[in-house]
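Below is one structure, written out as structure tokens; comments come after it.
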Amino acid sequence: MEADKFARQGPMQPLYSGKPPFQQLVENARDMIYYLQLRPERRFIYVNPAAARITGYSPAQYYAKPDLLSSIVHPADWQRFRAMLDGEIAEEHPLLMRWRRSDGTTALVEQQSVLHRDQEGHVVALEGVVREVVERAWLAEDRLSLETMDAIARLAGAVAHDINNQLTVMNLHAEILLQDLEAEDPRRENVQEILQAGLETSELIDQLLAVGGRQVADLRVVDLGELLAEAAEAMQHIVGEAIRVQTQIASELGHVRVDPERLERALYDLARHARDTMPNGGELTLSAANIFLEQDIAAQARKIDVRAPERYVEITLRDTGVGISRRTKEHLFEPFFTAQELGDKTGLRLATVYGTVRQFGGLIDVESEPGQGSAFRILLPSVSEEPQARPRRASEEPIGGTETILIVEDQESVRQLAELILRGLGYEVLTAATGAEAVQVCHSHAQPIDLLLVDVVMPEMSGVELVELLGQMGFHPRVLFTSGYSDGAISRYGILEPDIEFLEKPFSAAQLAMRVRDVLDAPAKGKAEEPREGDSAEE
């Protein structure tokens, strides 16, 4: 057996005896490299000098104490380490764990292992390469100009509301035209191009907001394993047949609090990046596992003062592409930098991913060398709550109803289109151009109003102020806010306030129909408006 061959050389004999160049390479490596024999007896055959730098134990101490790893691996991570020794974890999947140094401090390390088996399939030896990842500085915050990213997000926010209002009108008119044109009508292609241009423009605005973490996120606890399984199927369509998508998703994966649609979009952007680095095909591996981080390590990586959580879920996308040069890697998440080298037309793709992950309270980093592919790693805080139901996706056949809806929208064209769509679905629709008009409609309408579809940003009285005023007057309809940019009125740092229902502009007819129906069908969150006979004293 290969282990016996090394054992006969003696415990202090270098692993690569007779090959001085390779021996020098291994001994000068900054990563710890070791060969551990497990059968017939456990002992270290070779440990390189880097072990002392990472763990504080010299190679001689490893040779003298064959079970040293049992006291080095953190107790919380020992079960996963044992699972790796038993062959229950794929060897090609790096194992992130905590190791305890000789001085009592903790090192966060990543281990890549190769298992050797006998003819019966028993693991008889382990080759390990251990890298300390604390120095890797998750997020590489110092390499990013946060002031620049914030300025970009502020600029996008200044124009997002008006642009998205116009895109709403353009896209909805295009949808209506498509419905009216016969399938063989040659003008359909022109209308489809208009609609596609509108969607791409909307995506660009959303990317600019995401760079500074200012996109509106609807956070909910999700089953990450289920989300990643679905995302992997979509990734295969994104990257094409020449690239094989593989998954290594741990069972009982922790739950996370994210906006599922935006997390999927971030993963798809990483898949597109991987596709562009593999023009001749290759492999893309999506893996996920639960990990633990010391609170001080996590807080240092986040560069915040509050205590960070210990439990995280790590998502890794590893490709076999051309890799990333050192210069590019130093600026990888900066907006507008990666346009030419990595096939990103706007240079916003990875900056958007960065902003999205940060908005979820997560961390992101990349490992890559030219010609050796890339591995993007995302850390998301794990939560103990049970998953919430995921929002329905827009149906091709919208469901209508007979309830009464009041649309409050200062942009006439948006108001008219929303009224046209909702009336077509069977609803009774009332409209108002201002908050003051909405108050008059509520007073004059004989029957209760079931839903208030209201724009957040309006002159004189905002949508939030209108809802508060109506509540003081005794009107309590369900509320669906809509806007091209919330500007903090219904969100904090881009995260929706609790119990807020929101429809982001530009929206499609199907999205409008779906969200209206969802809000109407949801359990009541507050006091419902009671029928009134004239003006009551309470008003």
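Note that these values count all heavy atoms, side chains included, but never hydrogens, waters or copies made by symmetry.
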Do we see a donor-acceptor contact under 3.5 Å between the side chains of H255 and E386? no
Using distance alone, with no hydrogens and no angle criterion, decide if Q37 and Y46 have a side-chain donor and acceptor under 3.5 Å apart.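 Judged by distance alone, the side chains do not pair up.
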Please confirm whether the backbone N or O of [Y] pairs with a side-chain atom of [X], one donor and one acceptor, at under 3.5 Å?
| X | Y | value |
| --- | --- | --- |
| T201 | A197 | yes |
| Q511 | R515 | no |
| S71 | L68 | yes |
| S113 | G128 | no |
| R311 | P381 | no |

Counterpart residues, side-chain hydrogen bond (donor to acceptor under 3.5 Å, both in side chains), relative to [X] (two or more places apart):
| X | result |
| --- | --- |
| D31 | R131 |
| Q196 | E200 |
| S368 | S374 |
| D67 | none |

Does the pair L350 and F376 meet the rule for a side chain to side chain contact (heavy atoms under 4.5 Å, CB included), with working shown? CA-CA 10 Å; L350 295 181; F376 285 86; 4.2 Å; yes
Any salt bridge between E132 and R101, counting N to O under 4.0 Å? yes
Between R349 and D276, does any NZ, NE, NH1 or NH2 come within less than 4.0 Å of an OD or OE carboxylate oxygen? yes
Using the benzene-type ring in the case of Trp, are the ring centres of Y268 and H237 under 6.0 Å apart?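 Here the rings of H237 and Y268 have centres that are no less than 6.0 Å from each other.
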Measuring from T356:OG1 to E264:CD, what's the distance to the nearest 0.5 Å? 12.5 Å
Kindly write out the residues that satisfy ring-ring contact (aromatic ring centres under 6.0 Å, His included) with F507, not counting sequence neighbours, or none if the list is empty.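 ring-ring contact (aromatic ring centres under 6.0 Å, His included) check on F507 returns nothing, list empty.
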List the atom of [X], the atom of [Y], and the distance in Å for their closest heavy-atom pair.
| X | Y | answer |
| --- | --- | --- |
| N48 | M32 | OD1-CA, 3.4 Å |
| L224 | G254 | CB-O, 3.8 Å |
| M235 | L267 | CE-CB, 3.5 Å |
| L286 | L228 | CD2-O, 3.7 Å |
| P59 | P49 | CG-CA, 4.1 Å |
| P66 | Y63 | CD-O, 4.5 Å |

I want to check something: taking the side chain as every heavy atom from C-beta on, are [X] and [Y] in contact at a cut-off of under 4.5 Å?
| X | Y | answer |
| --- | --- | --- |
| W99 | Q111 | yes |
| L36 | L69 | yes |
| I72 | R100 | no |

Could you label the plane-to-plane angle of the F44 and Y34 rings as parallel, tilted or perpendicular, counting under 30° as parallel and over 60° as perpendicular? perpendicular
Can you tell me which residue among V124, L126, L38 is in a side chain to side chain contact (heavy atoms under 4.5 Å, CB included) with L115? L126
Counting neighbours of CD on E120 that are heavy atoms of other residues, nucleotides or ligands and sit closer than 6.0 Å, is the number greater than 12? yes
Are there more than 12 heavy atoms of other residues, nucleotides or ligands under 6.0 Å from atom CD of E41? yes
So R318 and E283, salt bridge (charged side-chain N to carboxylate O under 4.0 Å, His left out) or not? Walk me through it. CA-CA 8 Å; R318 184 183 300 274; E283 292 185 354; over 6 Å; no
Output, in order, the C-alpha distance, side-chain angles, deciding distance and verdict of side chain to side chain contact (heavy atoms under 4.5 Å, CB included) for D319 and M278. CA-CA 8 Å; D319 63 63; M278 295 184 285; 3.8 Å; yes
Just to verify, what does R265 make a salt bridge (Lys or Arg N to Asp or Glu O under 4.0 Å) with, not counting sequence neighbours?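 For R265, the residues satisfying salt bridge (Lys or Arg N to Asp or Glu O under 4.0 Å) (neighbours in sequence not counted) are D206.
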